[in-house]
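Residue numbers start at 1 and run along the sequence shown.
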Amino acid sequence: VARAKPLAEAIDATDDARLKERLERARAIRAFASAGLALPDNASYTRYADLGRPFVVWNVFASPELSLSAHEWCFPVAGCVNYRGYFREDEARGEASRLAAQGYDVHVGGVPAYSTLGWFDDPLLSSFIRYPDLELARLIFHELAHQVAYAKDDSTFNESFATAVEEAGLARWIASRPPAEAARLSAERDRSDRLRAEFRRMVAETRARLERVYASEAGDDAKRREKALAFEAMRDAYARAKAGEPGLAGYDRWFAGDRGAGPNNASLASVGLYTELVPAFRALLAREGGDLPRFYARVRDLAALPKDERHAALAAPAAPATAARTGAP
């Protein structure tokens with residue numbers, strides 16, 4: 001935040017033509033986010049900071065050895081979340097090592113961006129500014145969505161909502177572009193969506209298999225053997241899928257796992273946080289006739305409910321949220 005410069009100043013100051021083009025593109029996407037998606041119209045993503053490192057934070061995820069539940073960390077203001085972020089990779093790995101020594105499966109993932117929920121004006125960062133157009137737009141829409149609604153102690157709700165806004169926003173942004181550009185972006189988006197869907201299918205199948213294993217009456221040693229077989233089958237399925245669709249290689253790092261250890265319960269949990277409730281949010285947006293401000297209002301209503309009631313109401317097609325709206329922090 002301290003080193004961030006206004007976009008106009010950053011654009012004028014650089015001799016890097018590619019960076020200049022990316023900053024100008026980001027400025028246009030940011031303007032669309034407020035004008036076309038009713039996302040907060042504030043100073044977030046109107047400045048740029050060069051971090052001098054590949055990620056802004058490193059998130060630590062943890063799950064018990066024989067469970068897919070995600071470990072929680074609790075903080076003032078933000079409440080409890082299913083990951084812990086560090087500005088230094090060595091500190092993240094120190095936390096991961098501590099948890100691994102306690103028997104947890106752990107996953108450390110580099111993160112290009114995060115939201116301060118509107119408490120600060122989040123800048124554009126060097127960790128993502130060179131992303132292709134689609135991914136840059138996805139990220140800006142996703143992070144701004146966190147300023148719209150936030151439910152304490154419910155990472156899955158918050159991340160799935162932001163992912164749903166990201167998807168809807170991307171479709172509308174593409175539709176706003178000139179015809180030739182829109183056609184190109186649509187084709188790129190469709191291919192990206194196919195790759196994401198294939199990855200999520202493999203994750204979902206493995207999760208379902210492991211949920212049955214962990215819920216069974218088998219002993220722990222038998223569960224460990226079945227767990228190893230499930231992840232082996234997942235890696236084999238990925239290798240077959242990648243042979244037919246080389247674009248899936250973008251998931252190589254995830255499948256390699258933390259320092260080559262391969263996927264585990266914690267890495268599966270990290271995916272679920274961002275996707276588990278997305279279908280329910282898509283359905284809610286459809287019930288609101290695609291009207292984003294009305295959709296945001298309904299989500300804020302849901303965020304004000306106790307967690308169990310929130311998830312039940314989100315899953316029920318016509319169930320209204322009854323709590324008074326309080327707004328996001």
Side-chain angles (χ1 to χ4, degrees), residues 1-7 9-11 13-14 16 18-20 22-27 29-30 33 39-40 42-62 70 73 75-79 81-96 106-148 150 155 158-159 161-163 165-166 169 250-251 253-254 256 258-259 266-267 269-271 273-274 328-329:
V1 170
R3 72 180 65 180
K5 299 178 180 179
L7 276 179
E9 180 181 334
I11 290 169
T14 184
D16 183 334
R18 177 61 175 168
L19 175 59
K20 189 184 296 285
R22 291 287 79 199
L23 292 171
E24 290 172 343
R25 188 63 150 172
R27 181 162 58 181
I29 291 170
R30 175 64 184 89
L39 288 169
N42 55 30
S44 291
Y45 307 110
T46 64
R47 298 177 303 145
Y48 172 69
D50 187 339
L51 298 177
R53 61 181 190 265
F55 300 108
V56 60
V57 294
W58 286 262
N59 279 351
V60 179
F61 300 86
W73 288 264
F75 306 94
V77 182
V81 295
N82 294 122
Y83 49 84
R84 184 178 179 118
Y86 290 85
F87 289 108
R88 291 169 53 105
E89 183 178 9
D90 60 337
E91 292 180 354
R93 296 201 176 279
E95 173 75 349
V106 296
H107 172 69
V108 178
V111 180
Y114 69 95
S115 174
T116 59
L117 308 180
W119 288 94
F120 300 96
D121 294 328
D122 300 315
L124 297 163
L125 301 173
S126 55
S127 50
F128 64 80
I129 194 63
R130 296 178 189 270
Y131 279 10
D133 287 351
L134 287 179
E135 301 312 311
L136 183 61
R138 283 184 190 275
L139 187 147
I140 291 173
F141 301 157
H142 183 106
E143 299 304 335
L144 282 170
H146 284 309
Q147 297 185 20
V148 171
Y150 181 80
S155 298
N158 295 325
E159 296 298 348
F161 163 64
T163 298
V165 172
E166 159 197 323
Y251 293 101
R253 177 180 293 181
W254 188 91
D258 194 31
R259 298 192 168 178
S267 53
S270 73
V271 176
L273 293 178
Y274 288 81

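The shortest distance between side-chain heavy atoms of R27 and I11 falls below 4.5 Å. In this structure the side chain of E95 reaches within 4.5 angstrom of the side chain of W73, judged on heavy atoms. Put simply, the side chain of L136 reaches to within 4.5 Å of the side chain of I29, judged on heavy atoms. Contact of the Y274 side chain with the E166 side chain is not registered, since no non-hydrogen atoms from C-beta on lie closer than 4.5 Å. A heavy-atom distance below 4.5 Å is not found between the side chains of N158 and V81. A 4.5 Å side-chain heavy-atom check between W254 and S267 finds at least one atom pair inside the cut-off. With contacts defined as side-chain heavy-atom distances shorter than 4.5 Å, the pair F55/V111 does not qualify. Between V148 and L39 there is a side-chain heavy-atom pair separated by less than 4.5 Å.
For the residue pair Q147/N42, the side-chain donor-acceptor check at 3.5 Å is satisfied.
Checked by atom type and distance alone, the side chain of S126 never pairs as donor or acceptor with a backbone atom of D50 at under 3.5 Å. Formation of a donor-acceptor pair under 3.5 Å by the S115 side chain with backbone atoms of H146 is not found in this model. R25 contributes no side-chain N or O that, together with a main-chain N or O of A137, makes up a donor-acceptor pair within less than 3.5 Å. Between the side chain of T14 and the backbone N or O of A10 there is no donor-acceptor pair closer than 3.5 Å.
Taking CZ from F87 and CZ from R53, the interatomic distance works out to 7.5 Å, rounded to the nearest 0.5 Å. For the atom pair CG (L139) and CG (L144), the distance works out to 9.5 Å, reported to the nearest 0.5 Å. Here the straight-line distance linking atom CG of D122 with atom OG1 of T116 works out to 3.5 Å at 0.5 Å rounding. Here CG of N59 is found 10.5 Å from OH of Y114. Values are rounded to the nearest 0.5 Å. Put simply, CZ on R30 and CD1 on I140 are 8.0 Å apart, with the number rounded to the nearest 0.5 Å. A distance of 11.0 Å separates OH of Y45 from CD1 of I129, quoted to the nearest 0.5 Å.
Of all heavy-atom pairs between F128 and P123, the closest is CZ-O, 4.3 Å. The two residues H142 and T163 have their closest heavy-atom pair at CE1-OG1, 3.4 Å. Here the closest heavy-atom approach between residue L124 and residue A26 is recorded as CD1-CB, 3.7 Å. A pairwise comparison of heavy atoms in A269 and A70 identifies CB-CB, 4.1 Å as the closest pair. When every heavy atom of S44 is checked against every heavy atom of D121, the shortest pair comes out as OG-CA, 3.7 Å. Smallest separation of non-hydrogen atoms from L51 and R3: O-NH1, 3.4 Å.
Annotation: K5, atom NZ; neighbour count of heavy atoms from other residues, nucleotides and ligands within 6.0 Å does not exceed 12.
Here D16 pairs with R130 under the salt bridge (Lys or Arg N to Asp or Glu O under 4.0 Å) rule; sequence neighbours left out. In this view, E135 and R138, R196 satisfy the salt bridge (Lys or Arg N to Asp or Glu O under 4.0 Å) rule, not counting sequence neighbours.
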Q: Report the C-alpha separation of R93 and W58 in whole Å, then their side-chain angles, then the decisive distance to 0.1 Å, and conclude whether the side-chain contact (heavy atoms from CB on, under 4.5 Å) test is met.
A: CA-CA 9 Å; R93 296 201 176 279; W58 286 262; 5.6 Å; no
Q: Begin with the C-alpha distance, continue with both residues' side-chain angles, and end with the deciding distance and a verdict on side-chain contact (heavy atoms from CB on, under 4.5 Å) for S155 and Y83.
A: CA-CA 9 Å; S155 298; Y83 49 84; 4.3 Å; yes
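Using a 30° and 60° split on the angle between ring planes, H107 and F61 fall in the tilted class, from 30° to 60°.
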